[in-house]
Protein chains: 4
Amino acid sequence: MSSSGLTSFLFSTAEMTSVFSPQAQLRALTRFEWALSCALEADGRAEPGSGAVLERFLGAEFVDVEGLLREARDAGNIAIPFLRQLTAAVKEVSEGAARSLHLGATSQDVLDTALVLQIREGLHLLEDALARLEAALLEQVGRHRDAVMLGRTWLQAGPPVTFGLKLAGVLTALRRDRQRIREEAVRVLVLQFGGAVGTLASLGSAGGSIAANLAQLLELAEPEMPWHAQRDNLVAIVQVLAVLTGTLAKLGRDVALLMQSEVGEVFEGGSDGRGGSSTMPHKHNPVGSAALVAIHAKMPELVATMLHAMPQEHERGLGLWQAEWDAVPEAFRLASSSIGYATEILDGLKVDVGQMRANLEATRGLPLAEAVSGVLAPKIGRAAAHEVLRRAVDRAGTEGLHLSEVLQQMPEVQAHLSGAEVDALLDASNYLGSAQRYIARAVGDDDADG
Amino acid sequence: MSSSGLTSFLFSTAEMTSVFSPQAQLRALTRFEWALSCALEADGRAEPGSGAVLERFLGAEFVDVEGLLREARDAGNIAIPFLRQLTAAVKEVSEGAARSLHLGATSQDVLDTALVLQIREGLHLLEDALARLEAALLEQVGRHRDAVMLGRTWLQAGPPVTFGLKLAGVLTALRRDRQRIREEAVRVLVLQFGGAVGTLASLGSAGGSIAANLAQLLELAEPEMPWHAQRDNLVAIVQVLAVLTGTLAKLGRDVALLMQSEVGEVFEGGSDGRGGSSTMPHKHNPVGSAALVAIHAKMPELVATMLHAMPQEHERGLGLWQAEWDAVPEAFRLASSSIGYATEILDGLKVDVGQMRANLEATRGLPLAEAVSGVLAPKIGRAAAHEVLRRAVDRAGTEGLHLSEVLQQMPEVQAHLSGAEVDALLDASNYLGSAQRYIARAVGDDDADG
Amino acid sequence: MSSSGLTSFLFSTAEMTSVFSPQAQLRALTRFEWALSCALEADGRAEPGSGAVLERFLGAEFVDVEGLLREARDAGNIAIPFLRQLTAAVKEVSEGAARSLHLGATSQDVLDTALVLQIREGLHLLEDALARLEAALLEQVGRHRDAVMLGRTWLQAGPPVTFGLKLAGVLTALRRDRQRIREEAVRVLVLQFGGAVGTLASLGSAGGSIAANLAQLLELAEPEMPWHAQRDNLVAIVQVLAVLTGTLAKLGRDVALLMQSEVGEVFEGGSDGRGGSSTMPHKHNPVGSAALVAIHAKMPELVATMLHAMPQEHERGLGLWQAEWDAVPEAFRLASSSIGYATEILDGLKVDVGQMRANLEATRGLPLAEAVSGVLAPKIGRAAAHEVLRRAVDRAGTEGLHLSEVLQQMPEVQAHLSGAEVDALLDASNYLGSAQRYIARAVGDDDADG
Amino acid sequence: MSSSGLTSFLFSTAEMTSVFSPQAQLRALTRFEWALSCALEADGRAEPGSGAVLERFLGAEFVDVEGLLREARDAGNIAIPFLRQLTAAVKEVSEGAARSLHLGATSQDVLDTALVLQIREGLHLLEDALARLEAALLEQVGRHRDAVMLGRTWLQAGPPVTFGLKLAGVLTALRRDRQRIREEAVRVLVLQFGGAVGTLASLGSAGGSIAANLAQLLELAEPEMPWHAQRDNLVAIVQVLAVLTGTLAKLGRDVALLMQSEVGEVFEGGSDGRGGSSTMPHKHNPVGSAALVAIHAKMPELVATMLHAMPQEHERGLGLWQAEWDAVPEAFRLASSSIGYATEILDGLKVDVGQMRANLEATRGLPLAEAVSGVLAPKIGRAAAHEVLRRAVDRAGTEGLHLSEVLQQMPEVQAHLSGAEVDALLDASNYLGSAQRYIARAVGDDDADG
């Protein structure tokens, strides 16, 4: 059970939990040792057939986890007891294969490279999930491109936007987030193999060719040099995942706000049972939106831990390496869950266009004061126009009148605008500026900039 | 950031893992429901015998964890499916007892109060462990009060301290840390029981008496009012644990530095296997010290998460409550492991007084320049004395001479100090100032300030 | 200008900016040196009259700040060039007084103790401001104790609370926050004076009495021993301020949510110009609430920095001490600004009780379903009652009916409740449970628990 | 957490302080308004000559900063009072130009875009400084490629590396860090211009062309759409700077450790006064290394603040936007200072190759046990070899013998290795594996992989 057991339903997906499960880590550790045996064999440093022997252990069933953890406390990491167990298991099959096990490598090599292998699986999951999410988002942007609604700044009603535009903002950010993930993936999917201090000294002059072969067997890139004490790539992959969950938390926050009882414009879908309350039968809680917020609230801590852990001493740090261990898997779990919830929300989204319009109308034209001000400004000056509107807005507010009514009674307005003109200016559909152009660019319409 | 899985050997103790295990949480949830049934029964709102029925379920064996997690995803928390399962189980025994289950309470009541019950267990473990740690530290302070060693600032040799004094600093901080934990324990060990929005409305006018009874049954204090949306107590308990691990990380860092190959003054003890390297048979790594550093490196982010999660909306927040869930248990796990490692280090500490002296001597008197400067200053002025010593130090440094030799050749020194006086000034044992007084105060000697 | 210049209007108050201004720090540094000269003089280690000479410099006008910063870059801190400048200035008045300047002390002594002196001023400001804030809050709790409004969980309408109850939650948290500040104030307001490595060795056996005298002159407590390498007290004072701003951010978030255009129940007051928009004349933004949120969003970072900076090496750390320098002043600035904004909001608060009632009514009784469910449960069982209400709520939702109307048509309800009983159950004023009791406890009414 | 005031010597450079100074921000704000006036003029929405009028104000001398801050408190940001002051100033020159000021824009447009303009300046400074730093590092890698020294893991002596290899690790990380900065620079250097809610509605259909023109005038890219509520680019630029300071903090930490009195292999250079102590004339503190550590210790929390601030509500957030304001400038200041200190350290680096060799020799061959073990392993098995060496190491340790001496007395060794062979194996220069190959790759030697 990942992410503290009973919270895993919120903070991970089953697939990602599996990628970073203890068993998966043990398999990844074994895979490193298998590949190393193969590479050593190719170089004549392991008995012929060693790789084939190791291959039988790739399932890592040989591991006694309790014993591993018990010994790890003295060893300081799990690699040492893992190797002891692996060696014992291999020895029963082949003394020869056991002899060359781990040759040239150190604990950090196997732990770091195993982590990279798990990261690769994690990135595959994320990339697929992100493609689905982006498609879902793209569809919703298109579907709601004309759904006029209040824009809101400082949580106050403002001039109108469309729901499609709001989602287009998320879509463009999501694309940048994916691009960041791709850029960092290239850097992070590299072998770590340096031996005790990063020189591969125990392999003599063969280190280079064995490392190259090892990388190839694991389908990882070979880095310029071992990075046991340079942790930037791991930090950076966590960082880009954190930006991603930030983008989705913004989506979640907005949906939750739109789902407020007093707003009621947008709703999470999902099964009937979703979001039910133990005490309040009338409630349908924004469970997915809350998840997006909750997940992201944990991400900055992982990034900060990774950053603080960077100044690792000399050729292997004193404690800071260990501080990384939980952070990378947790970042992948959180990101996967965030994408999952976001996709669910978008797939099931219910949008009440009528309520959007009703909320707009309930503002009695006030958020569109800017539209009138904008037309008056060239005629009477920006400050004067602002002042006219401020007075009109004040009166409309105090007396509960529609702004149109107030404006049409003001001589300064009458001098320049007819009643119909005022009404047209206060029609939200007429005051969307470049919204459609931006949506078109976001969804990739050919004529976006036409 | 979870510490379950294969890193638990480093980031938790078995006991604390158990206190915050899924099973323990489920038992704590059940305990709340049991106590509530008892309180309702006493108030006549539950059938006679309901409490007794609930008592049979305190082991929480009835829970189907997989089902719980599956349903929790739609519900948004585990309390709702937990109650569904509990109700089903109780109903098989007593329809009557099932009817009043959870009456008056909401999900957050049972989840928050269960957490408080787990915190209480956690605090008991910590308090016992802290008492042992403080005793171990006290003994080491006393044992090494006269072990003269280099003081070090900016990682540079300075005037001498004793190893007892260094540890006394940790001891006094540890006592303050314990005091902080005690102060917060009083505030955090309180019932949460407010119903849907904190008014206990569904209990009518009986809320007060039922809450009081419920608190008594759970042996918790009753707060001034429900705190579902005021999270300061939970934040604060995590904060004081983080300060504690900070104090112990400082101990760990110092031990690791003293254990460097080039320093070699202090060593972690422990079993023969401890700290062995997979590639370097000669090495004994500071495994415990590294653990202290690693553990603390994770703590600040738990605190940050808790703090960021404080502005929870209205009567129950949107996502930020959930963000707390893993942080509190993790803080307890980390604190317990930190105390455990620190105690082990202190219990097994090996101190090489000879090496301390050798390292002092290797500095050729330079760090004691201040002692000479201090005696010269009243005679020739502080600036002049500083200047004399700077020149002497420069020459001693450049020519590899002992400072005593250089000083005895300088007329400005000869004018005021004999050779024997210079030598006495450069004897580290003579330059410990108030060290013994501070140690005496730290260990509580009667005549500390005599 | 503090807090990055043009953001100081938001993140500090003028008074707190002044307490932690460069000039104030320089004066505090000078005050330490003055008190030390007095203490040395009393001990016969400074020329008679030295203290009196130093007293003339307490205004710190002698400092050349640019020169100070230039030299500090090489020195690593400002204490060294500060002392050079002070010595030069004093020497012009009295060679004798200059000779004993800083005797026995090290840079960290003067920097740490000066910080403590500034903290004391900061705590005075905060304590006064907190007293005013608590009074303002207390008054608002009393004033709005009966203002019935929707409770809201997950941003969804729930059973009713009163606005006084909502504020009472803040009040009780604020009292705990003040208590925490007082507890930490006792620990943090202590002298730091240890010399090069914490032994006061350069003062021989007189260290104790000089330290005691120095503490008395500065009106600080004397700690058990110097704490140059044990930073828990500084960390802890920042932590308790962060909890405080968290409590106030929750207030700010709630006010901002209540001030939403669609909610309109509560408003910040303040001058006419407050919260005006550059483009939207109709808007009055929740400027103070936003400030409370913004301020707290920065606090966790300060706490995390302080915690990460704890493992300072040996007798003076390598970089981590410096990492603290900005965090402590900034925490005080942020706290002061938070209290200031919160007090302004409370003093100017406008509450629209009519809108609270209107929003309640607009929910057509749905959030009170629990009240009916609670009465039905003892008669037909909790699950059945929950189910009845769920169906009623669904129909009321779908058909836009009032819950009362729907319920009165249901045979399962008719069998147990009259129409008048249903209406009474759905009257929010009748469903406040223990709200008044909790308010009474919070405001300290004598009969709160009567 | 501001770095103005008396800590600026440590946490910024003069140049970067200037780029993010209040005056520079005011000039950037004015530049936006100038460019907007030009773009409006080109579109016929501003009087001919408006741009030219605005150009006269680019120095921002017209601003009354105190008034600005006073008004900003009510306004919630400085843009509103800034515009009031700008309008007043422009009006004195040209009523016409004043009329169209800020048309179409909102406060966030001018504040965000001004920040981007400052970021561009900041990135220029960083890019130049990074080029110098990389050159300095490259030179040092080359110079010390053959300087054999102890490798150190867990702060314990390990097999040898060369100092050039250690620095090559930093060099390769630094190159990746620069690449990240370049990738994010492309994304962040974009115009923000969206009006009240991101639609540019007040410009009707002309928004697109005016925005394009505005971007061109400011030499910024035009984004797909306004990003007022999507903050990923700002977060990401802070993140990559934080990784950079992490890389340099690792350098700082290593230098400080190598500079320890007991190690003495590497020293910071710099002026004579650098690192002097106020009380200890013999000391030369690692001031620059400490700065690298201190600077990075502040970075993670800036990143965390930026990440936590991402979920900004709807079209403009409530408080979280403000939380960003200090973080971005501070990140640039810290990064600039970090690069500055790192460059100074590298330029002045003093390396004591003799001491490196002496420290190696003092380990009596123990860290090279692996070399012998590696040669024995193929002959007697890895476990047996490890065991032989463990015994040899134990005896060498206990009896203070050189490992060579012990080994040559062991029959298991004698059977396979001559004394000369043992000595050769224990010669550090023979046990560097791929070190030169990695260095060659890092410095770009043609035949690195030959």
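Letters A, B, ... mirror the listed sequences (proteins, then strands); counts begin at 1.
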Inset, instruction - Report yes if some heavy atom in the side chain of Glu262(C) is under 4.5 Å from a heavy atom in the side chain of Arg152(A); otherwise report no. - result: yes
Inset, instruction - Run the numbers on Leu155(A) and Met259(C) for side chain to side chain contact (heavy atoms under 4.5 Å, CB included), then give the verdict. - result: CA-CA 8 Å; Leu155(A) 293 182; Met259(C) 209 170 146; over 6 Å; no
Legend entry - Ala157(C) to Ser261(A) - nearest heavy-atom pair and separation: N-OG, 2.6 Å
Legend entry - Heavy-atom pair with the smallest gap, counting every atom of Trp154(C) and Val287(A): CZ3-CA, 3.8 Å
Legend entry - Arg357(A): partners by salt bridge (Lys or Arg N to Asp or Glu O under 4.0 Å), with sequence neighbours left out: none
Inset, instruction - Could you look at Leu150(A) and say if it's the side chain, the backbone, both or neither that has a heavy atom under 4.5 Å from chain C? - result: side chain
Legend entry - Heavy-atom closest pair, residues Gln156(C) and Pro286(A): CG-CD, 4.0 Å
Legend entry - Atom of Leu257(C), atom of Leu257(A) and distance for their closest heavy-atom approach: CD2-CD2, 4.0 Å
Inset, instruction - Using non-hydrogen atoms and a 4.5 Å limit, figure out which bit of Ala362(C) sits close to chain A: side chain, backbone, both or neither. - result: neither
